[in-house]
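Note that these values count all heavy atoms, side chains included, but never hydrogens, waters or copies made by symmetry. Order of listing sets the numbers, starting from 1, for every ligand and every atom in it.
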Amino acid sequence: MSTSTIGAESLFISACYCKPTQRTPIWIMRQAGRYLPEYRKIRSQVDFLSLTKTPELAAEVTLQPVRRFEMDAAILFSDIMTPVEGMGVEMEFSPGPVIKNPLRTAEQIEELRIPESGENAPFVAETIRIIDRELPSSVPLIGFAGAPFTLFCYLVEGGGSKTFSQAKSFLFAEPRLSRIILEKLTEVMIGYLEAQVQAGAKALMIFDSWVGLLADTDYKAFAYPSVCRIIESLDHLDVPLIYFPNQGATLLGTVKNCGADVVGVDWRTSLSVARNVLGPDIAVQGNLDPMALFASKEDLESRIDDVLREAGEEAGHIFNLGHGIDKNTDPDRVAFLVDRVRERSQRNL
Ligand code: CP3
């Protein structure tokens, strides 16, 4: 929670700590990916998993959107499932994660390994070191991990789902076993995130993509404690911590106390409502609907202005989409978005 001296000149880091900035910083979730022709070119020669495991290539695709749009932050090119391979889970991507043997039995859960922090996915640290050499200090690199509950959803369900009914029924039928999975994931994510900062990440983000499946009482019982533990354990690293509870509108009153410096807000909740609940000491990140990039330019402009207005005059807003960018988005629309946010958010300090 304390102010970092690293990247002190970065708009992004300042905004994370609710310090006034000359304009609102912007980056976008999934900014490296299939909507970019330069990404598709590399991906046509290598599958997604290999791309995440080849440091030179993963660093290159991390830098692509930063070069093209001059984003105010870079995000490591990897996946939330990357560190669970080190726990002994076998998977592939098609295009989302598919788990070979979904977790269902006490034996499988017992066998989940807790690798040493430096041993787990060493190619990630190498990727970060390459990126760190290339990026100017005004553009910090965000490292990330999935929140334990969201990882649990994939590991128990076996892949993506709208309802995650297998995972959620397991959570309620086997709360004791579920807690063991969640605790192991918490342990591993703490070490994994620490290793990213040691390698050069300047901020950390925790993606809780599926937490909207839980009512607040179940969130408090199963998901929130692991988020708090991760944040508490990383506090000493002195980098801003961002928590993104996707579809978490009804959870914000609880999220407020998790210790995060920044809360990511999905596109369903207005930033003014989120700010009212979270208070003046927590920055907000978001939250243009990714599909707004398909609207007419005039409509897109007014939607961008609405997000800036909802964020208000107080310091502590990082512009972003309210979820990952769609793969069919026109990159020129992203350039237009970045320019508009830069122009409309200028302030005299
Ligand atoms: O640019 C960035 O934001 C960094 C890279 C990044 C990826 N995945 C690359 C990726 C990040 C931060 C993630 C996180 C991630 N992965 C989340 C949390 C964010 C969210 O969206 O809620 C989740 C739930 C996953 C799991 C996952 N991985 C899914 C659902 C998919 C399929 C996505 C799709 O659009 O079809 C993936 C694969 C994946 N991860 C791709 C990318 C660029 C597509 C891979 C490809 O090139 O085929």
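Scanning all protein heavy atoms for the shortest distance to atom 8 (N) of ligand 1 gives Asp79 OD1, 3.2 Å. Protein heavy atom closest to atom 9 (C) of ligand 1, with residue, atom name and distance, is Ser78 O, 3.3 Å. Ranking the protein heavy atoms by distance from atom 20 (C) of ligand 1 puts His323 NE2, 3.2 Å first. For atom 24 (C) of ligand 1, the closest heavy atom belonging to the protein is Tyr154 OH, 3.3 Å. Taking atom 13 (C) of ligand 1 as the reference point, the nearest protein heavy-atom neighbour is Arg30 NE, 3.8 Å. Counting only heavy atoms of the protein, atom 14 (C) of ligand 1 lies nearest to Ile80 CG2, 3.7 Å.
Scanning Gly264, Ala32, Pro95 for the heavy atom closest to atom 1 (O) of ligand 1 points to Ala32. With distances taken over non-hydrogen atoms, the option nearest atom 12 (C) of ligand 1 out of Phe144, Trp210, Phe77, Phe48 is Phe144.
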### Query
Do Leu141 and Leu135 pass the side chain to side chain contact (heavy atoms under 4.5 Å, CB included) test, and can you show the C-alpha distance, the side-chain angles, and the key distance before you say yes or no?
CA-CA 8 Å; Leu141 175 69; Leu135 275 179; 4.0 Å; yes
### Trace of the side chain to side chain contact (heavy atoms under 4.5 Å, CB included) decision for Phe244 with His323
CA-CA 9 Å; Phe244 178 50; His323 203 177; 4.1 Å; yes
### Worked check of side chain to side chain contact (heavy atoms under 4.5 Å, CB included) between Asn287 and Asn320
CA-CA 5 Å; Asn287 74 343; Asn320 205 314; over 6 Å; no
### Task
Assess whether salt bridge (charged side-chain N to carboxylate O under 4.0 Å, His left out) is satisfied between Glu38 and Arg68, documenting all intermediate values.
CA-CA 10 Å; Glu38 56 269 39; Arg68 189 193 261 256; 2.9 Å; yes
### Task
Quick one: do Phe207 and Phe144 satisfy ring-ring contact (aromatic ring centres under 6.0 Å, His included)? Show the steps, please.
CA-CA 7 Å; Phe207 286 93; Phe144 72 90; 5.5 Å; yes
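Arg347 and Thr24 form a side-chain donor-acceptor contact under 3.5 Å, judged by distance and modelled atom types alone. Side-chain N/O atoms of Asp79 and Thr52 include no donor and acceptor closer than 3.5 Å.
Under the 6.0 Å cut-off for aromatic ring centres, Tyr39 and Phe77 qualify, their centroids lying closer than that. When ring centroids are compared, Trp210 and Phe164 come within the 6.0 Å threshold.
Of the charged side-chain nitrogens involved, none lies within less than 4.0 Å of a carboxylate oxygen, so that Asp326 and Arg30 do not count as a salt-bridged pair.
Put simply, no part of Gly324 is less than 4.0 Å from ligand 1, judged by heavy atoms. Under a 4.0 angstrom heavy-atom cut-off, Gly160 registers as lying outside contact with ligand 1. The closest approach between a heavy atom of Asn246 and any atom of ligand 1 is not below 4.0 Å. Residue Phe244 places every heavy atom at 4.0 Å or more from ligand 1.
Residue-ligand proximity, Tyr39 to ligand 1, at heavy-atom distances under 4.0 Å covers atoms 43 (C), 45 (C), 46 (C), 47 (O). Each of the following atoms of ligand 1 lies closer than 4.0 Å to a heavy atom of Phe93: 28 (N), 38 (C). Residue-ligand proximity, Ile75 to ligand 1, at heavy-atom distances under 4.0 Å covers atoms 1 (O), 2 (C), 3 (O), 4 (C). Every atom of ligand 1 is numbered from 1 in the order shown, and the set under 4.0 Å from a heavy atom of Arg34 is 33 (C), 34 (C), 35 (O), 36 (O), 44 (C), 46 (C), 47 (O), 48 (O). Near Gly96, with a cut-off below 4.0 Å to any heavy atom, the atoms of ligand 1 are 29 (C), 31 (C), 32 (C), 37 (C). Near Leu76, meaning under 4.0 Å from any of its heavy atoms, are these atoms of ligand 1: 4 (C), 5 (C).
Of all the heavy atoms of Arg43, the ones lying under 4.0 Å from any atom of ligand 1 belong exclusively to the side chain. Residue Pro97 touches ligand 1 through its side chain alone, judged by heavy-atom distances below 4.0 Å.
Between Ser209 and ligand 1, a contact under 3.5 Å exists for at least one N or O pair.
Among Leu185, Ile231, Thr186, the one residue that satisfies the side chain to side chain contact (heavy atoms under 4.5 Å, CB included) test with Ser226 is Thr186.
Remark: the backbone N or O of Arg34 is paired with a side-chain donor or acceptor of Arg40 at under 3.5 angstrom. For the pair Lys41 (side chain) and Leu36 (backbone), a donor-acceptor distance under 3.5 Å is absent.
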